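Only one structure is covered here, and it is reproduced in the block below.
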Amino acid sequence: WPIQGVFDSITKHAGFNDGGGDTFRNLNLGSVNFIHTTDTHGWLGSHLTQKNYDADWGDFITFIDLFKSKRLLEDQDLIVIDTGDKEDGNGLSDASFPRAINSSRIFNELDYDLLTLGNHELYNGAITTQEYKYTAMSNKFKDKYVSSNVEYINDSGEAVPFGKKFVYFETQNSKTRILSLSFLFDFNVSNERVKVTPALEEVKESEWFKKMTEQYSEDSIDMLLVFGHIPMTDHQNKEINKLHEFLRSKYPNIVIQYFGGHSHIRDFVQLDTKATGLQSGRFAETVGFLSINDLKTEKPKFFRRYIDFSKASFCHHLHLDDAELFYTKKGKQISAMIQDIADELELTEVYGHVPQNYYFSTRPVNANDSIYHLLTSTILPRLNTTLSDARVGRYIMINSGSVRYDMFKGDFTKNTEYIVSPFDNNWEYIKIPNKIASKIAAYLNGDNYIITLGQPHMISKSFVKTDSVNDKGNCPSIALPFLTEGYTTSDDFGCDGDDRLHNSQREYKIPNVVQSTENLQFAQDDDIVHFVFYNFMQRNIIDAVNWIIQINKYKDKIISSDNVKKYGGSSVKLLLREYIQEISM
Ligand SMILES: Nc1nc2c(ncn2[C@@H]2O[C@H](COP(=O)(O)O)[C@@H](O)[C@H]2O)c(=O)[nH]1
Ligand SMILES: [Zn+2]
Ligand SMILES: [Zn+2]
């Protein structure tokens with residue numbers, strides 16, 4: 001069958017073992033092995049409509065436990081790491097109150113060796129306190145939770161380390177001496193319960209770091225392990241590159257291994273001959289695997305693999321031919337716990353039927369199957385409050401980062417709302433002349449990616465002239481009838497990172513903000529319009545309006561938060577549900 005011939009040649013040349021239709025890329029183990037997760041965002045109950053990611057957190061716990069017992073040789077170690085963002089994006093974390101209380105309990109059942117926080121643990125004081133008390137300071141993790149540049153503000157207003165500033169340990173089997181640090185990217189939107197110091201400032205100016213480098217000089221450790229909620233590729237700020245340059249100056253000759261997050265992509269970067277950085281996607285779609293051999297030589301060997309979060313991948317990498325053997329008592333218990341919580345939260349309650357797929361990053365924003373096109377053309381204009389007036393021009397703006405995932409054809413359930421747009425933001429508005437309102441989107445969507453507004457993956461993608469974004473290399477585009485769309489990652493080590501063969505997906509340039517416009521056909525420059533936006537974006541909107549006034553030398557007065565009023569009305573989550581219910585009748 002000609003397609004099979006094409007398939008065989010791709011699988012053979014792309015490093016897949018081709019035994020009997022098995023198309024997996026295997027793992028190469030080393031003396032020190034790492035498994036990494038990041039940006040799970042509450043996705044602990046598997047992707048019910050995506051076979052590529054059909055494993056849940058109980059299956060992942062099973063995978064880790066059986067990996068340790070079945071795959072490791074006696075002189076090999078496995079270190080399991082997470083780099084934060086554990087809520088906002090799934091009903092399992094977001095539908096409970098307090099938010100994430102149930103999902104944290106499930107998440108923490110996994111025996112992580114190192115873990116830390118992400119920016120989503122820091123938007124809300126109650127969530128921050130919950131993370132500090134029940135995870136960072138828990139008996140299980142208090143010696144494993146590391147935050148080198150984040151402090152918790154306790155009840156007496158004192159800034160205390162959010163976990164350990166660093167940890168030193170020697171691995172059990174290979175006796176590898178590891179010094180570990182953890183950094184959050186330069187995040188300045190947090191709450192009254194937390195203080196974030198930019199990573200470079202922290203390491204350059206803090207006393208504890210100086211003392212640490214004296215206590216753990218280069219000859220007393222075998223490697224530096226730096227993990228944290230920070231992108232491994234950051235075209236705009238190059239934060240990780242500047243941090244590496246400084247750390248390399250303190251530890252010039254040993255391996256420095258990074259594990260990153262936040263930008264929701266599979267990525268692997270070579271920072272120098274003895275330093276690499278792995279990033280392992282998002283939403284429990286990916287288990288990142290890294291091994292290092294010849295760690296203490298001049299040419300350490302790094303190996304990376306992105307494992308689909310699927311039972312098939314887990315069984316394959318455990319060398320389990322019979323899926324029935326993929327079993328541990330604890331794994332089964334956790335899977336049952338997840339099901340009980342999902343039932344209690346009624347996450348499978350069906351509100352209606354989605355007639356087609358709507359994509360949030362793999363289609364251009366103006367395409368009919370782009371979720372942004374659905375939102376701006378159909379959903380946002382449904383926002384109705386006592387202030388709505390058909391005689392007044394109206395703009396409704398949201399940040400693209402508020403949309404979290406594709407919306408697939410099929411049941412629209414209670415969980416779909418949290419998966420697509422989880423944020424319960426309030427609508428605010430300002431009354432300004434149309435000549436100003438009409439320029440805000442262009443200002444916010446200018447050349448720069450705005451890390452507090454945009455789609456996370458855009459910080460790590462290089463823009464190309466067309467509206468699609470470029471991956472690092474030119475990996476072959478795959479489109480075979482019997483394959484599903486999925487990751488075909490290109491990174492600094494080439495095109496063979498993914499453990500399974502999928503059809504390629506193109507990523508498109510997603511602007512920082514999108515908006516709907518109404519009743520503008522007769523609006524003159526000085527006509528007053530209603531500019532409506534998420535309260536989450538208030539600072540950005542005020543700055544944009546004042547910049548536009550100044551740069552155009554308008555006579556209008558500079559605005560402040562005093563000019564911002566409540567607009568009211570349903571969140572995008574609810575507007576979406578009402579629309580789907582209506583078309584499903
Ligand atoms: N409209 C809102 N957008 C939010 C809110 N909290 C976060 N965000 C968006 O998420 C990304 C960051 O996501 P990450 O998973 O990469 O950390 C951020 O850029 C915002 O766009 C919110 O409450 N409302
Ligand atoms: Zn995230
Ligand atoms: Zn993040």
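Each ligand, and each atom within it, is numbered from 1 in the order the structure gives. Note that the structure is predicted; figures quoted are calculated from it, not measured.
The shortest contact between atom 20 (C) of ligand 1 and any protein heavy atom is with Thr452 O, 3.3 Å. Atom 3 (N) of ligand 1 has as its closest protein heavy atom Asn399 ND2, 3.1 Å. Given atom 5 (C) of ligand 1, the protein heavy atom at minimum distance is Phe536 CE1, 3.4 Å. Ranking the protein heavy atoms by distance from atom 9 (C) of ligand 1 puts Gly401 O, 3.4 Å first. Counting protein heavy atoms only, atom 14 (P) of ligand 1 is closest to His120 NE2, 3.3 Å.
Neither the backbone nor the side chain of Met537 comes within 4.0 Å of ligand 1, counting heavy atoms alone. With a 4.0 Å heavy-atom cut-off, ligand 1 is reached by no atom of Arg282. For Asp88, no heavy-atom contact with ligand 1 is shorter than 4.0 Å.
Remark: Lys164 NZ is loosely packed, at most 12 non-hydrogen atoms of other residues, nucleotides or ligands lying under 6.0 Å away.
In the vicinity of Pro456, heavy-atom distances shorter than 4.0 Å reach the ligand 1 atoms 13 (O), 14 (P), 16 (O). The ligand atoms of ligand 1 that sit less than 4.0 angstrom from a heavy atom of Ile451 are 18 (C), 19 (O). Residue Tyr534 approaches ligand 1 through these ligand atoms, each under 4.0 Å from one of its heavy atoms: 1 (N). Set against the non-hydrogen atoms of Asp85, the atoms of ligand 1 under 4.0 Å away are 14 (P), 15 (O), 17 (O). The contact set between ligand 1 and Ser402, taken as ligand atoms under 4.0 Å from a residue heavy atom, comprises 1 (N), 2 (C), 3 (N). Counting atoms of ligand 1 from 1 in the listed order, those under 4.0 Å from a heavy atom of Asn425 are 1 (N), 2 (C), 22 (C), 23 (O), 24 (N). Close contacts between ligand 1 and Asn119 involve ligand atoms 12 (C), 17 (O) [criterion: under 4.0 Å to a heavy atom]. Applying the 4.0 Å criterion to heavy atoms of Leu453 picks out, from ligand 1, the atoms 19 (O), 21 (O).
Closest approach of Arg305 to Asp498, counting heavy atoms only: CD-C, 4.0 Å. When all heavy atoms of Phe423 and His120 are compared, the closest pair comes out as CZ-CE1, 3.9 Å.
With 3.5 Å as the limit, one finds no donor-acceptor pair spanning the side chains of Thr37 and Thr40. If you check the side chains of Asn119 and His229, you find a donor sitting under 3.5 Å from an acceptor.
Tyr567 pairs in a side-chain hydrogen bond (donor to acceptor under 3.5 Å, both in side chains) with only one of the listed residues (Glu428, Arg394, His530), which is Arg394. Tested against Leu278, the residues Phe259, Phe227, Tyr258 include a single side chain to side chain contact (heavy atoms under 4.5 Å, CB included) partner, Phe259. Considering Arg500, His502, Gln50, Lys51 as possible partners of Asp308, the one that fulfils the side-chain hydrogen bond (donor to acceptor under 3.5 Å, both in side chains) test is His502.
Remark: aromatic rings of Phe531 and Tyr395 are close, center separation under 6.0 Å. Separation of the Phe107 and Tyr112 ring centroids falls under the 6.0 Å cut-off. For Phe60 and Phe309, the ring centers are positioned less than 6.0 Å apart. You'll find the ring centres of Tyr405 and His264 outside the 6.0 Å limit. Taking the six-membered ring wherever Trp is involved, the centroid distance between the rings of Phe162 and Tyr132 falls below 6.0 Å.
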Dump the intermediate steps for side-chain contact (heavy atoms from CB on, under 4.5 Å) on Phe183 and Glu239, then the final yes or no.
CA-CA 11 Å; Phe183 297 98; Glu239 194 174 7; over 6 Å; no
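Not one N or O of Tyr449 is nearer than 3.5 Å to an N or O of ligand 1, by distance alone. The distance criterion of under 3.5 Å between nitrogen or oxygen atoms is met by His264 with respect to ligand 1.
In terms of modelled atom types and a separation under 3.5 Å, the side chain of His41 and the main chain of Asp88 share a donor-acceptor contact.
Nearest to atom 15 (O) of ligand 1 by heavy atom, out of Arg404, Gln455, Met458, His229, is Arg404.
For the Zn ion (ligand 3), the set of protein N/O/S atoms nearer than 2.8 Å consists of Asp85 OD2, Asn119 OD1, His229 NE2, His262 ND1, ordered by chain and number.
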